[in-house]
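Residue numbers run from 1 in the order of the sequence given. Just so you know, ligand 1 is whichever comes first in the structure, and atom 1 is the first atom listed for that ligand.
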Amino acid sequence: MRVHVDPSRCQGHNRCVLLAPGLFETDDQGFAREANQGLVPPELEAQARRAAANCPELAILLDEGP
Ligand code: F3S
């Protein structure tokens, strides 16, 4: 699985960073971006889904592919 933050949608709510601190980081303006090039280790997939479901701007995209 991979995650991606759509920068055109992110408004800096930072729920993603709180819910999945290993998968997201903030830039110096408080907007999120994916950490580790968006790669999600299997043990963090539930966190990735939770973060995506809780982003008010629907800015987090999940790629369930290999
Ligand atoms: Fe941005 Fe959504 Fe996270 S608005 S900071 S991607 S919770």
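Leu19 and Leu23 fall into different hydrophobic clusters, defined by Ile, Leu, Val, Met, Phe, Trp and Tyr side-chain heavy atoms under 4.5 Å apart, directly or through other members. Leu61 and Phe24 end up in different hydrophobic clusters when Ile, Leu, Val, Met, Phe, Trp and Tyr side chains are linked at under 4.5 Å.
Of all non-hydrogen atoms in Gln37 and Glu34, the two that sit nearest each other are C-CG, 4.2 Å. Counting all heavy atoms, side chain and backbone alike, Ala20 lies closest to Gln47 at CA-OE1, 3.2 Å.
For atom 2 (Fe) of ligand 1, the neighbouring protein N/O/S atoms at less than 2.8 Å, given as residue and atom, are Cys55 SG.
Partners of Gln29 by side-chain contact (heavy atoms from CB on, under 4.5 Å), not counting sequence neighbours, listed by chain and number: Asp27, Phe31.
The residues Arg15 and Glu57 are annotated as not salt-bridged, no charged nitrogen and carboxylate oxygen being separated by less than 4.0 angstrom.
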